[in-house]
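Working notes, beginning with the structure itself.
Note on naming: letters A, B, ... go to the chains in the order of the sequence lines (proteins, then strands), and numbering restarts at 1 for each one.
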Amino acid sequence: MHKYDHTKIEKKWQKDWAKKGLYKTKDKVLGKKNHYLLTEFPYPSGNLHVGHWYAFAVPDIAARALRMQGKNVLYPAGFDAFGLPAENAAIKRGLDPRKWTLQNIAYMKKQMASMGASFDWSREVQTIDPNYYRWTQWMFTQFLKKDLAYRKETPVNWCPKDKTVLANEQVVGGLCERCDSPVEQRTMLQWNLRITDYADRLVDDLDALDWPQQIKDSQKNWIGRSEGAEIDFKIDNTEGSIRVFTTRPDTLFGATYLVLAPEHPMVAQLCANQTCANTTEIEEYVGATKRKSDLDRQENREKTGVKLEGVDAVNPAKEEKIPVYIADYVLPHYGTGAIMAVPAHDERDFEFAQKFGLPIKCVIYPKTVAEMTVDPEYKQKNNALVAEIVAGKRCWSGGGPLIDSRTYTGISWIEAKKAITAAFGTPKKTYRLRDWIVSRQRYWGVPIPVIHCAACGAVPVPDKDLPVKLPAIKDYLPSGDGKSPLAKADKWKKVKCPQCKGWAERETDTLDTFVDSSWYFLRYTDSKNKKVFADKKKMKEWTPVNLYSGGAEHTTMHLLYSRFWHKALYDLKLVNEPEPYTRRMNRGLIMGPDGQKMSKSRGNVIDPDEIVKRLGGDTVRLYLAFIGPFNETGSYPWNPDGVVGVRRFLERVWKLGQPENATGKPAVFKELESSLHKMIKKVTEDVAALKFNTAIAAMMTFINEAERDGISRSQFETLLKLLAPFAPHITEELWRAGGHKKSIHLEKWPKWDEKKMQALTVTIAVQINGKVRGTVSAQPDASQEDVLAIVQGHAPLAKHLENQTIRRVIYVPQRLINIVIG
RNA sequence: GCCGGAAUGGCGGAAUGGUAUACGCACACGACUCAAAAUCGUGCGGGGGCAACCCCUUGAGAGUUCAAGUCUCUCUUCCGGCACCA
């Protein structure tokens, strides 16, 4: 018997498949349906870690199985090669980022070959390729022309370590997502994309997607849509008014003061007009707020604020004068930056009113109208509650019927929302989401294709001048003064204005890398095209993506950005569908053997290359697929002993595949036949559901039986085909050793036969009063009476039935009989 | 605080309302061996019993059902998202 020499076998077949172009994907194959299986393309950060294997080798099982099942599968690969990680690493080593990135890509591709992944490399996409980023720039200019991209002085998150602006999504708990430095607030002139214009569609269109609820909910939370009203409050003795946003217009009669964010433009205006009596105090407070970082503002929740002395607003519902405050608990960038405070019915307003001794007015009678009619003692119970609210002992933020609200008194808060909005304001939706700031003050990115002209303003670079190539410069270190390193590339920067032909300057910021990755999957469908970013007909063959597999960290970043980008392209009639990905799954995380995140400092890093060398790529694939359910976001510790377990399984398959072992009695084969068909069914269904772990378990169960009883060659080859997507090399070797000329990966997927799944006898669980008391064997088609007779003839079970009346019998054929006695 | 998800042996995990702990790992014993490794075989949730067998067990408690890990309610803990968002 030959030894299972994984290194020799894997190298041999990897070479053979590449030579024959086995995984080159045609756009159309007669009689086959197209299927687009996408995994997030990696940063070329250095070398492949176990996480990369998990991300690419496991979905490859699905790609291979789908091909055998008659689908024409696109399973492409590429590199998201611009961006901070690559650049920072290059700076640390004193190398040119381009050179460093390209080296990494070459090395990672070499490593990727050891996975046996069935990527079609002829479609490779690299975001640093001018033939790619030309289209990134082109799309940006299209957005600019449609006013989807705009430049504005914006309060921004500034990372002092990376020396660049960050998008809201890239700030996690006040820290930079990349380097964990505390983020500072600055105001800078930045390019924005109007993602907020798409907020409603980004929320509403989620419902139709086959995505995990968790991702949908997270995106909805992130967008944070709330529906309410905008209401104007006149400022007494002036022409001006203050507009507030509220989700509780029903509590308008309980508004006892207004609060403006310190940054609200009206504050400066009122001070300038000498309307306020305490200008100095106000300016001090505004200044103190500006000096606070977002983090400070979030942490210190003790309510502070200053009254605008001499300024009164008028509650439009009852023409009553109420005071106006500024306080930093009101945020400038949400709603209108001003609120009507209803201390009786809002926790924060309540706290503020307590501290500043402001009146509290109860206008909602606690609990619901339904309760009021059902419970006759309702009033008595709740009068006490109302008294507590008015006395400032507590607040009620729930619903109920209105009180003390003139003509609205007595109606439910739900109705009152509509009625009061109609009478005193306008309906308004507000979002937590902010526009996407895409300017980055870094070198290693796509130059923003804009020319600034003194006469014409910001002019998009014309199509014929694209791409605007990233120039090779010597000093690409970020300066920290808010300017991109490209600002120092004088020669490159100086151009003629495309409109007036006068001297002008290029924009020197580069684009956020999330822009690059917002459309890469479209390019895979037509990666070599020089006329358009992808031919619309070719996109139609493949998109939307059937299944997109990736990491949970992209839930409110890449996944949201690319949905927006795609919708914008859709509105420009450049793509065929409004949503890019039909089905999405987030995979889990592979941890170190100690259950902790793998890191060099912890010394718990598993090197996939070493395992491949020692045990083989097939073993690594199989182990990662076996470690836990792939379509759930758990974290799975790498167990070095567990790897040996799946290697043992492959050894047993190898042994069973040797000619001298393909023996056994035909009668036994017949018995095994039912197990075989059960396995085909289980593996087929589990692979479709991405439950690779239980699919492997089914194959292990089968081989346990086959080893015991013997297996025929044809039965063994069926097993090989099912195993082929999981362990492509060993199965190819055993398949060819059996005399087959063509690759096993071109074979058809086995089909199961329900009739053949039928075992000769079945085991039936016997319950007495719902308690399992034992099992009996019976013919599969046995009737309830047959089984009952068997039970009564079976002494240990019959004992339970002695001197008992059988009241009821529940019989589930081939599974269980429950005899109810007593 | 709001919105989601989860909790099963020593470990990773498996179970269309129908024999809980499949499959793998670890462990124990046995075979082979001078010995070890590898391999093969047997056992392996907890408790009681010589045994047949009995009792308990899917985070806790209640409920629905002939039957609940699975459905319903209450609670606990952990994980993810949002959070002074009006």
Testing the basics here: between A:Pro593 and A:Asn604, what is the closest heavy-atom pair and its distance to 0.1 Å? CD-O, 3.6 Å
Expressed in whole Å, how much space separates the C1' atoms belonging to B:rG59 and B:rU70? 16 Å
Among B:rA86, B:rG81, B:rG4, the nucleotide that comes nearest once only the side chain of A:Asn221 is considered: B:rG81
Counterpart base for B:rA60, defined by Watson-Crick or G-U wobble contacts under 3.5 Å: B:rU74
Closest non-hydrogen atom pair between A:His345 and A:Cys395, with its separation: C-SG, 4.3 Å
So does A:Lys303 reach the base of B:rC84 with its side chain, donor to acceptor, closer than 3.5 Å? yes
Choose from B:rG12, B:rC23, B:rG18 the nucleotide whose nearest atom is closest to any side-chain atom of A:Ala697. B:rC23
N/O to N/O distances under 3.5 Å, protein versus nucleotides 47-55 of chain B:
residue: B:rC54; atom: OP1; partner: A:Arg773; partner atom: NH1; Å: 3.1
residue: B:rC54; atom: OP1; partner: A:His800; partner atom: NE2; Å: 3.4
residue: B:rC55; atom: OP1; partner: A:Arg773; partner atom: NH2; Å: 3.4
residue: B:rC55; atom: OP2; partner: A:Arg773; partner atom: NH1; Å: 3.1

Using a strict cut-off of less than 4.0 Å between a Lys/Arg side-chain nitrogen and an Asp/Glu carboxylate oxygen, indicate whether A:Glu227 and A:Lys429 qualify as a salt bridge. no
Looking only at atom C1', what distance separates B:rA6 and B:rC23, rounded to whole Å? 22 Å
The Watson-Crick or G-U wobble partner of B:rC27, with both key distances under 3.5 Å, is B:rG43
Counting only side-chain heavy atoms from C-beta out, which of B:rA14, B:rC3, B:rA67 sits nearest to A:Pro629? B:rA14
If we ignore hydrogens and angles and just use 3.5 Å, is the side chain of A:Thr246 paired with the main-chain N or O of A:Arg248 as donor and acceptor? yes
Donor-acceptor pair, side chain of A:Gln758 and main chain of A:Pro780, under 3.5 angstrom: no
For A:Thr426 and A:Thr421, the nearest pair of non-hydrogen atoms, with its separation, is C-CG2, 3.6 Å
Using a 4.0 Å heavy-atom cut-off, does A:Val330 contact any base of the nucleic acid, only the sugar-phosphate backbone, or nothing at all? base
Counting the atoms with a prime plus P, OP1 and OP2 as sugar-phosphate, which does A:Gln214 contact under 4.0 Å by heavy atoms, base, sugar-phosphate, or nothing? sugar-phosphate
Length of the line joining A:Phe649:CZ and B:rA22:P, which is rounded to integer Å: 18 Å
Quick one: are A:Tyr548 and A:Leu559 in side-chain contact, heavy atoms under 4.5 Å? yes
Return yes if some donor-acceptor pair links the side-chain N/O of A:Ser783 with the main-chain N/O of A:Asp786 below 3.5 Å, else return no. yes
For B:rU33, the Watson-Crick or wobble partner whose two distances fall under 3.5 Å: none
Under a 3.5 Å limit on both distances, the Watson-Crick or wobble mate of B:rA83 is none
Proximity to RNA chain B (any heavy atom under 4.0 Å), residues of residues 250-262 of chain A only: none
So what does A:Gly335 hit on the nucleic acid, given a heavy-atom distance under 4.0 Å: a base, only sugar-phosphate, or nothing? nothing
Under 4.0 Å between a side-chain N or O of A:Ser226 and OP1 or OP2 of B:rA86? yes
